[in-house]
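First comes the structure, then the notes that go with it.
Predicted model, so just to flag it, every value in this text is computed and none were measured.
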Amino acid sequence: MQQPESQAQSTSVLTFPPDDDPVQFVRRQYLAVLGVEPDPPSHYDWANRLLLCGTDQQCVAQGKTDLNTFLNTPAAPSALGQRGKTLTWRDNSANEDGFQAEIFDPDTSAWTPYATTGPNVTKVGVNTKTARRYRVRAFNAFGFSAYSNEATAGGPTYAALSMTTGGAVSGDDFNDATLSSGWTLYRPQAANPTVGVQSGQLQIAPAPNTAGYNGVYTTQTYDLTGRMTQVEVVQPVSQAGWCENFFRVWLDANNYYHIGVGGWSISFVARVGGVNDTTTIGYDPAATRFWRIRHDQYRNTVNFETSADDVTWTVQKTVASAFPLASTRVFLMAGAWGTGNGNPGAAVYDNFELVTGTTGADSRLPNFGFEAPAVGYSAFQYNPTGGVWSFAGSSGVTGNGSGFTGGLAAAPEGAQAAFLQGGSYSTISQAVSGFQADKTYIVTFAAAQRSNCCNAGGQDFRVYLDGALLGTFRPAGAGYAYYSTPTFTATAGTHTLSFVGLNSLGGDHSAFIDNVRVTASTGW
């Protein structure tokens, strides 16, 4: 099933010194500048361009210069979006000198510079009184990258839980000098632990050798139906001596959803009617820096999700929604259930958000489970036609129990799934209609690694809307799990959703994708 890497690589015959061989030259440049093998389409295109120069040395020199500029120009940023009063994006390059943000002027219908940052800076403040469109690109001495996705930001924003029910998206970046009135202190311990805002973050330091919990909860209740709430956990409390800190969506003492850490474990708890349903895994502070509790209104489920970067999210646990979310509070807490820790440390939280979430009105795509065309049990087909999806390169559809999926659990939706084998020449795409300019969106899908052959280290792939990168994913293993992109905005109309192989490890790698949904926000 291994495909040839490129026409250039598979057919070239060296009849001149290697230094003058365009195929080898392009490969060496990729390795020298980027440290990776060239992807086959680019390898072929650049090598072919040099080959077509023939003996024209001026043409060859210009081609090599253009290749050098292409390789040294920084990669485009992605996942542009608004968080509170801040415009944030993902840095995908390692060689930028900085970033330039641009704003769209509706009066002149033109993009103009808005702000310029230095390298590794991934946010700028937004203070426009009305919502405006933004985009960002990286730059260095070789030029500008392509643009990020566009995002709408500005207008009514939050600084400190200013939201009222039915109003704008809310949250707290804790950049005010004191805790806002949107929070109520929960501090029953007589030992007077520290709970407050310090250095632009919420810090909760439990009292030493004291059993009990302290923190804050939202003064108002909020309707989280079809919505989600998240927080950045900058630092947990000590992982020894009975200490823990947690994030909780709370209806009452017997009904809540909870993410917490302690003893180098992270737990996802659905407490319903006084009974806990708990999933616990090992705690990695970097890999699970962001925590999110999201209600999927279409499926009426609650998803417990984590992320390393607030861009790529992993669903750690899913349960049926079992109590009303129309009037819930959110808690940020820390403490200890025993008295054995003389140095409990402090939990540090930041960037709390109540985020527009999801509704089922336009959740499922046509052929969301890749059931058409039907290839049948134990069969697979490269680049099938007859369904809504378009396939290119080493991609296709596989049934359960095939040469691809043998040994893997059944597809989560129907009897088939899609597969992506190899690098960026392999794509799966669909034109999706009905996008609206006044909504935010999220893409959710199930994915798994191939388990019966040649897949050491696993396949990774990217998800795009048109040319805008939404996220990069490497499924955790040979069992289907659900993954979701960050929220994003789009212009009204039809856009192309694409899954594109990355295969950053090289060689023969494959992953499976199923049950794809593009879900729109409800708004607050």
Side-chain angles (χ1 to χ4, degrees), residues 1 3 41 296 298-299 358 360-406 408-435 441-450 452 459-471 473 475 480-485 488 490 493-503 508-520:
M1 299 175 192
Q3 304 297 303
D296 184 332
Y298 180 86
R299 304 173 73 87
T358 57
D362 53 356
S363 178
R364 289 191 171 184
L365 299 179
N367 199 14
F368 56 89
F370 300 97
E371 300 306 302
V375 299
Y377 182 80
S378 79
F380 64 89
Q381 183 178 345
Y382 284 99
N383 306 144
T385 59
V388 179
W389 294 96
S390 296
F391 298 86
S394 298
S395 67
V397 171
T398 177
N400 295 325
S402 76
F404 272 106
T405 57
L408 186 70
E413 179 61 46
Q416 297 186 169
F419 64 84
L420 275 172
Q421 183 182 33
S424 60
Y425 50 88
S426 296
T427 64
I428 303 167
S429 60
Q430 180 183 150
V432 182
S433 61
F435 282 96
Y441 294 87
I442 187 170
V443 177
T444 303
F445 55 91
Q449 296 286 354
R450 184 179 183 181
N452 65 350
Q459 166 74 302
D460 51 358
F461 56 86
R462 289 172 170 164
V463 181
Y464 292 89
L465 190 75
D466 297 330
L469 177 64
L470 300 180
F473 300 86
Y480 282 100
Y482 279 90
Y483 301 87
S484 60
T485 68
F488 60 92
T494 299
H495 297 277
T496 299
L497 175 68
S498 302
F499 294 85
V500 181
L502 182 59
N503 196 22
D508 189 359
H509 292 89
S510 303
F512 308 107
I513 298 165
D514 197 16
N515 199 15
V516 182
R517 305 190 303 278
V518 177
T519 309

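Minimum interatomic distance between Val397 and Pro373 (heavy atoms only, all atoms of both residues): CG1-O, 4.2 Å. Closest approach of Leu470 to Thr485, counting heavy atoms only: CB-CG2, 4.0 Å. Nearest heavy atom pair, residue Asp514 against residue Ala417, reads CB-CB, 4.1 Å. Here the closest heavy-atom approach between residue Phe461 and residue Ala447 is recorded as CZ-CB, 4.2 Å. Minimum interatomic distance between Ala418 and Phe391 (heavy atoms only, all atoms of both residues): CB-CE2, 4.3 Å.
Put simply, the side chain of Val432 does not reach to within 4.5 Å of the side chain of Thr494, judged on heavy atoms. In this structure the side chain of Leu469 never reaches within 4.5 angstrom of the side chain of Val463, judged on heavy atoms. At least one side-chain heavy atom of Leu420 sits less than 4.5 Å from a side-chain heavy atom of Ile428.
Checking side-chain atoms of Glu371 against main-chain N and O of Ala415 turns up a donor-acceptor pair under 3.5 Å. Not one N or O on the side chain of Thr496 forms a donor-acceptor pair closer than 3.5 Å with the backbone of Gln430. For the pair Asp460 (side chain) and Asn503 (backbone), a donor-acceptor distance under 3.5 Å is present. Looking only at distances, a side-chain donor or acceptor of Gln416 sits under 3.5 Å from a matching main-chain atom of Val375. Side chain of Ser510 to main chain of Gln421: no donor-acceptor pair is present (N/O by atom type, distance under 3.5 Å, no hydrogens or angles). Between the side chain of Asn383 and the main chain of Ser395, a donor-acceptor pair closer than 3.5 Å is present. Using modelled atom types, one side-chain atom of Asn367 and one backbone atom of Ala372 make a donor-acceptor pair closer than 3.5 Å.
Under the side chain to side chain contact (heavy atoms under 4.5 Å, CB included) criterion, Ser378 pairs with no residue, sequence neighbours left out. When the ring pair (Phe, Tyr, Trp, His ring centres under 6.0 Å) test is applied to Tyr480, no partner is found at least two apart in sequence or on another chain. For the side chain to side chain contact (heavy atoms under 4.5 Å, CB included) test, residues two or more places apart in sequence or in another chain that qualify with Ser424 are Asp39, Pro41, Val500. For Gln449, the side-chain hydrogen bond (donor to acceptor under 3.5 Å, both in side chains) partners are Asn455, not counting sequence neighbours. Partners of Ala409 by side chain to side chain contact (heavy atoms under 4.5 Å, CB included), not counting sequence neighbours: none found. Residues passing the ring pair (Phe, Tyr, Trp, His ring centres under 6.0 Å) test with Phe499 are Phe445, sequence neighbours excluded. Scored by the side-chain hydrogen bond (donor to acceptor under 3.5 Å, both in side chains) test, Thr398 finds Ser402 as partners (sequence neighbours excluded). Here Asn400 pairs with nothing under the side-chain hydrogen bond (donor to acceptor under 3.5 Å, both in side chains) rule; sequence neighbours left out. The ring pair (Phe, Tyr, Trp, His ring centres under 6.0 Å) search around Phe370 returns Trp389, not counting sequence neighbours. In this structure, the side-chain hydrogen bond (donor to acceptor under 3.5 Å, both in side chains) partners of Asn452, at least two apart in sequence or on a different chain, are Arg450.
Ring planes of Phe435 and Phe488: tilted class, angle from 30 to 60°.
Atom-to-atom distance recorded for Ser426:OG and Gln459:CD is 8.0 Å, nearest 0.5 angstrom. For the atom pair Phe473 CZ and Leu502 CG, the distance stands at 12.0 Å (nearest 0.5 Å).
In this structure, Phe419 has its ring center no closer than 6.0 Å to that of Phe512.
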Next on the checklist: The test is side-chain contact (heavy atoms from CB on, under 4.5 Å); show your working for Phe368 and Glu413 and say whether it passes.
Outcome noted: CA-CA 8 Å; Phe368 56 89; Glu413 179 61 46; 3.2 Å; yes
